[in-house]
Amino acid sequence: MSSKVHLVTGIGDVTLLVFYTESDCWQFRLISSGGEVFGERKLYYTPEAAEKAGREWIYQGS
């Protein structure tokens with residue numbers, strides 16, 4: 001399994017990761033300062049859409 005990483009950025013105490021999947025879509029994951037990984041398995045058609053969804057997750061406190 002290989003993935004293409006588009007974005008890794010720190011927002012507060014969370015790291016936002018946006019990546020391209022083998023299913024030809026984009027996803028995001030959030031990594032807490034303790035190393036826990038959060039996110040949904042939703043697929044996005046652009047990296048910008050995945051980043052926006054990830055930022056919304058962070059700002060909503062999900």
Side-chain angles (χ1 to χ4, degrees):
M1 174 184 213
S2 64
S3 296
K4 175 182 175 182
V5 173
H6 173 75
L7 173 75
V8 177
T9 189
I11 302 172
D13 62 347
V14 176
T15 300
L16 171 61
L17 172 67
V18 175
F19 60 96
Y20 192 74
T21 68
E22 287 185 345
S23 58
D24 298 327
C25 292
W26 295 90
Q27 291 187 341
F28 75 88
R29 293 294 183 273
L30 306 176
I31 306 168
S32 73
S33 59
E36 296 173 289
V37 178
F38 300 95
E40 300 175 317
R41 297 204 180 260
K42 289 184 179 179
L43 302 176
Y44 301 91
Y45 293 106
T46 66
E48 294 82 11
E51 179 181 352
K52 180 180 178 201
R55 288 181 182 274
E56 288 173 358
W57 250 63
I58 292 169
Y59 298 131
Q60 292 176 3
S62 298

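For reference, positions follow the sequence shown, starting with 1.
Taking the side chain as every heavy atom from C-beta outward, C25 and Y44 never approach each other to under 4.5 Å. Looking at I11 and Y59, their side chains come closer than 4.5 Å, going by heavy atoms from C-beta outward.
Scanning both residues, V18 and A50, for their nearest heavy atoms gives CG1-CB, 3.9 Å. Nearest heavy atoms, F28 versus A53: CE2-CB, 3.8 Å.
How far CG of L7 is from CG of L16: 5.5 Å, rounded to the nearest 0.5 Å. With values rounded to the nearest 0.5 angstrom, Y20 atom OH is found 10.5 Å from L43 atom CG. Going from atom CD of E51 over to atom CH2 of W26 covers 11.0 Å, rounded to the nearest 0.5 Å. Residue L17 holds its CG atom at 10.0 Å from CD of Q27, rounded to the nearest 0.5 Å. Between the CD1 atom in I31 and the CZ atom in F38 there is a gap of 10.5 Å [rounded to 0.5 Å].
Residues that satisfy the salt bridge (Lys or Arg N to Asp or Glu O under 4.0 Å) test with R29, not counting sequence neighbours, are absent from this structure. Under the salt bridge (Lys or Arg N to Asp or Glu O under 4.0 Å) criterion, E40 pairs with K42, not counting sequence neighbours.
For residues 6-19, no pair satisfies side-chain hydrogen bond (donor to acceptor under 3.5 Å, both in side chains), with sequence neighbours left out.
Note: the hydrophobic cluster containing V14 does not contain V8 (ILVMFWY, side chain heavy atoms under 4.5 Å, direct or indirect links).
Comment: K52 does not engage E48 in a salt bridge, judged by the lack of any side-chain N to carboxylate O separation of less than 4.0 angstrom.
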